[in-house]
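For reference, the structure is listed below as structure tokens.
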There are 2 protein chains.
Amino acid sequence: MGSSPRIALDAMGGDVGPAVLVAGAALAFQRRDDLRFLLFGDEGAIRAELAAHPELASVCEVVHCDDVIAGTEKPSQAIRRAKTTSMGQAVAAVKDGRADAAVSGGNTGALMAMAKLALRTLPGIDRPALAALLPTLGDNDIVMLDLGANTEADTRNLIQFAVMGAAYARVILELERPRVQLLNIGTEELKGTDELKDAATALRAATALPMQFDGFVEGDKIARGDVDVVVTDGFSGNIALKTAEGTARFVTDLLKRAFTSSVRSKIGFLISRPATELLKHHLDPNNHNGAVFLGLNGLVVKSHGNATAKGVANAIRVAARMVREELTRKIMDDLDRFPSDHIRGSGAK
Amino acid sequence: MGSSPRIALDAMGGDVGPAVLVAGAALAFQRRDDLRFLLFGDEGAIRAELAAHPELASVCEVVHCDDVIAGTEKPSQAIRRAKTTSMGQAVAAVKDGRADAAVSGGNTGALMAMAKLALRTLPGIDRPALAALLPTLGDNDIVMLDLGANTEADTRNLIQFAVMGAAYARVILELERPRVQLLNIGTEELKGTDELKDAATALRAATALPMQFDGFVEGDKIARGDVDVVVTDGFSGNIALKTAEGTARFVTDLLKRAFTSSVRSKIGFLISRPATELLKHHLDPNNHNGAVFLGLNGLVVKSHGNATAKGVANAIRVAARMVREELTRKIMDDLDRFPSDHIRGSGAK
């Protein structure tokens with residue numbers, strides 16, 4: 001590992017193909033020129049894009065793949081085709097040690113299934129989780145997980161998600177002791193499922209870990225900036241994430257409608273345009289791009305399917321930062337420090 | 001029942017006390033003068049407020065209660081004090097047939113516990129659900145349930161919630177065949193828990209009911225106006241509702257911050273003020289006030305604790321409409337028409 005992260009890029013994943021992915025890699029490389037790339041996909045199409053970025057081209061190896069995983073493909077079907085596809089080969093490169101992290105903008109379910117099958121879970125982790133960054137009113141983004149890798153989560157899963165999410169927040173948000181909370185339907189200790197209550201008890205006792213466990217958080221407090229890591233099962237996490245996205249779009253759509261409803265407000269809108277641009281910037285998913293599968297023997301980042309070059313560059317930066325900061329080692333260390341038997345599988349220790 | 005709904009009003013519930021609740025009743029009475037009220041609480045305080053509304057006073061009976069349920073009181077503790085409190089007596093009036101529906105702005109958990117204990121579930125209903133109206137980009141609000149009456153929901157619960165939510169939408173949104181969807185983490189039939197998949201199968205087969213079952217909906221599609229009733233377990237529903245509230249506040253806070261960030265945008269904001277007032281109106285919870293406990297032998301409406309008089313009036317209108325339209329009978333009829341054994345408890349039929 002060390003200082004030259006090698007990124008395996010699925011150049012075909014996403015809604016727009018190699019043009020955006022190569023442009024994203026070029027942007028990331030402009031900022032950090034120690035990056036190295038393995039690009040997987042249609043060689044002709046990739047080389048055509050690289051022609052416009054000669055400096056990037058000098059640190060890229062292109063690996064031709066015949067096939068692409070479709071956005072609609074079922075994970076069970078996709079894993080059978082892994083070997084011939086750009087996504088499957090990008091993940092395999094991480095497994096083989098030819099790359100330090102994989103980045104793909106393709107089918108999330110397929111990527112997760114391939115990553116799980118090829119890389120397997122870390123010792124001490126029962127199930128991987130999907131984590132992402134969300135914007136807040138505070139100075140920092142927050143980390144939220146699981147966002148849909150698992151439909152249900154038991155007490156052990158929730159504890160492991162908390163440990164992994166805190167390690168991720170230390171690396172990506174550069175926090176020494178991230179504040180961790182469990183998503184619940186109330187903040188009193190009596191609220192919620194037994195799994196949540198038991199996970200809270202265990203996390204409260206884990207004072208030696210580099211995190212500060214602050215009990216429960218409700219859905220309306222996520223974006224306030226009072227918490228750094230929000231831990232939940234994949235069902236609730238997915239519902240919360242998508243409801244937040246939908247509501248943000250709903251409010252901005254209402255706003256657009258309101259601003260175009262009269263000449264007077266149209267003029268007001270034009271005058272205050274810099275202000276609304278600021279709003280747009282803050283809510284733009286490309287500024288928070290890069291969901292991460294945590295808990296595997298290898299780093300895999302999911303970029304938004306419709307990310308811009310800037311979004312792809314952000315996903316690559318997230319991947320590179322996890323490599324540089326040795327996220328996997330940090331997670332393993334924290335698991336070792338956990339004071340109970342909630343972490344290790346019965347056969348693992 | 002018929003045309004003169006008698007509303008039992010907990011005049012002490014909520015953050016501001018009798019002043020707002022009496023003013024709300026007066027507003028509702030202005031619109032529909034066939035309403036009749038039973039007001040429960042501190043008789044002196046209530047009569048002082050009624051003095052300003054002589055017309056309302058002529059259709060009100062005041063019942064003095066010594067005690068009030070505190071906002072922080074645990075439900076288990078509150079039900080032991082039901083008899084002496086304004087909330088408990090309002091619910092008891094529905095049970096005794098002295099009122100057709102109860103409205104309270106007090107402690108939600110306590111109200112739910114009292115209502116369940118006093119009124120019991122309808123035959124054929126295993127568990128009541130908390131339903132509310134949410135704003136959308138479409139012409140209508142949507143109904144969402146359960147919002148937290150139950151932490152978990154099995155297949156039977158989900159089906160019953162769907163039937164009750166559809167009946168409520170027919171009454172409140174005046175739709176003949178409301179479009180019903182189950183909240184899930186994907187729209188494919190394979191997605192989600194077994195409970196969701198089994199409920200979807202049963203609802204798809206229930207073609208004789210006055211609803212149109214449209215499968216699954218994801219969190220980001222709730223506010224689009226493509227669905228009328230969103231059905232979910234109380235945990236996910238509560239998370240979704242609160243996340244939506246928090247996100248709407250987050251975006252409007254960002255907007256405020258953006259608009260006050262420069263003189264130019266401040267001027268723009270002032271010019272476009274009518275537009276932002278429209279936005280505020282659309283998002284104001286007082287325009288959607290009144291969550292309902294469905295599935296009990298009696299109608300109970302929970303008003304927001306910090307509702308304005310307009311909000312209280314809306315909650316009263318919701319209660320009166322359920323009485324006039326005989327919601328409980330409609331739910332019973334629909335349960336009878338359900339083509340499977342998913343509805344009736346083993347001992348109920």
Completion exercise
Of the listed B:Gly237, B:Gly109, B:Gly186, B:Gly246, the one with the largest count of heavy-atom pairs under 4.5 Å with chain A is B:Gly246
Problem - B:Lys221 side chain reached by A:Lys242 side chain, heavy atoms, under 4.5 Å - result: no
Problem - Residue selection (most heavy-atom pairs with chain A, distance under 4.5 Å) from B:Ile222, B:Asn184, B:Thr232 - result: B:Asn184
Problem - Contact check, side chains of B:Phe235 and A:Leu183, non-hydrogen atoms, under 4.5 Å - result: no
Practice task
Identify which part of A:Leu147 has an atom lying under 4.5 Å from any heavy atom of chain B, answering side chain, backbone, both or neither.
Solution key: neither
Completion exercise
Turns out that what part of A:Lys74 lies under 4.5 Å from chain B's heavy atoms comes down to side chain
Practice task
Select, from A:Thr151, A:Thr193, A:Asp233, A:Ile239, the one with the greatest count of heavy-atom pairs under 4.5 Å involving chain B.
Solution key: A:Ile239
Handout entry: Interatomic spacing from CD in B:Glu218 to OG1 in A:Thr243 - rounded to 0.5 Å
Key = 10.0 Å
Practice task
Name the option with the most non-hydrogen atom pairs under 4.5 Å to chain B; the candidates are A:Ala244, A:Gly234, A:Gly148, A:Gly219.
Solution key: A:Gly219
Exercise for the section: Measure B:Leu134 against the heavy atoms of chain A and call it side chain, backbone, both or neither at under 4.5 Å. Expected result: neither
Exercise for the section: Return yes when atom CD of B:Gln77 has more than 12 non-hydrogen atoms of other residues, nucleotides or ligands closer than 6.0 Å, and no otherwise. Expected result: yes
